[in-house]
Amino acid sequence: MPADASPEIPAPPEAPGVPVRTVLAAVAGFALFVAAAMGGLKLSYDRGAPRRERPPPRAMPQPGLQIDPAGDLKRLLDAQGEALSGYAWVDRERGIVRIPVARAMEILAGRGAAAFDPVGAPAAAPGPIKESRRP
């Protein structure tokens, strides 16, 4: 910055172009109008609407979804336990049966490291694709 140049002094802020008293009077007038409108509507409603006594609230009955929840749970657990511990056909045509979980674990443990290998023979891999040229 040159030595002979003086720093610029900012100009003072300009006065607002809108008179503050006019704005405040408009806001106060609007607030009075809203208050008067609300009071008038309340008086109109109180005089015009008939008063009715509301019946007292009554207790709602419990839904009858389950008569015996503990018995239902016991029957469900018994059915699941029977399905998991018994033998049954899943698909007789394809020879698929359901076996007990304990027996399935014994079979898998007996296979050792190859327990999760595919059960059947691997499918034959497709041969290389030969291009055929049409004459």
Side-chain angles (χ1 to χ4, degrees):
M1 180 174 197
D4 58 358
S6 64
E8 289 188 32
I9 299 174
E14 295 184 27
V18 179
V20 175
R21 285 189 179 173
T22 307
V23 172
L24 289 178
V27 169
F30 179 71
L32 285 173
F33 170 74
V34 168
M38 289 174 56
L41 287 172
K42 173 135 178 57
L43 286 173
S44 173
Y45 178 74
D46 287 344
R47 288 186 184 161
R51 295 277 178 186
R52 292 189 312 180
E53 290 296 320
R54 291 186 184 180
R58 56 189 166 123
M60 297 294 292
Q62 292 292 329
L65 299 178
Q66 288 181 309
I67 305 298
D68 181 22
D72 292 344
L73 179 62
K74 183 177 180 336
R75 283 189 294 278
L76 173 69
L77 293 176
D78 289 344
Q80 288 179 343
E82 188 177 313
L84 292 175
S85 63
Y87 292 89
W89 284 104
V90 174
D91 188 353
R92 190 178 293 255
E93 293 175 7
R94 294 189 336 192
I96 301 174
V97 295
R98 182 177 61 227
I99 62 174
V101 174
R103 178 67 182 131
M105 290 171 58
E106 289 172 7
I107 293 171
L108 285 177
R111 288 186 183 170
F116 295 102
D117 288 347
V119 176
I129 299 175
K130 296 181 181 177
E131 292 185 27
S132 62
R133 296 188 179 215
R134 292 187 177 169

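Residue numbers count from 1 along this sequence.
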Search all heavy atoms of Pro100 against all heavy atoms of Ser85 and return the closest pair with its distance.
CG-O, 3.6 Å
Name all residues meeting the side chain to side chain donor-acceptor pair (under 3.5 Å) criterion together with Arg103; count only those two or more places apart in sequence or in a different chain, and write none if there are none.
Glu106
Please say yes or no: joined through hydrophobic side-chain contacts below 4.5 Å, possibly via intermediate residues, are Val101 and Val90 part of one cluster?
no
Can you pull the salt bridge (Lys or Arg N to Asp or Glu O under 4.0 Å) pairs that have at least one residue in residues 25-37, sequence neighbours excluded?
none
Within a radius of less than 6.0 Å around CZ of Arg94, do more than 12 heavy atoms belonging to other residues, nucleotides or ligands occur?
no
Gln80, CD atom: more than 12 neighbouring heavy atoms under 6.0 Å
yes
ILVMFWY network linking Leu73 to Ile67, side-chain heavy atoms under 4.5 angstrom:
no
Are Leu32 and Val34 connected, step by step, through hydrophobic side chains (Ile, Leu, Val, Met, Phe, Trp, Tyr) whose heavy atoms are closer than 4.5 Å?
no
State, to 0.1 Å, how close Asp72 and Gln66 come at their nearest heavy-atom pair, and which atoms those are.
OD2-NE2, 3.4 Å
Would you say Ile107 ends up clustered with Met105 if hydrophobic residues are merged whenever their side chains have heavy atoms under 4.5 Å apart, either directly or through other cluster members?
no
Quick check on the hydrophobic clustering: are Val23 and Phe30 connected, directly or via other members, by side-chain heavy-atom contacts under 4.5 Å?
no
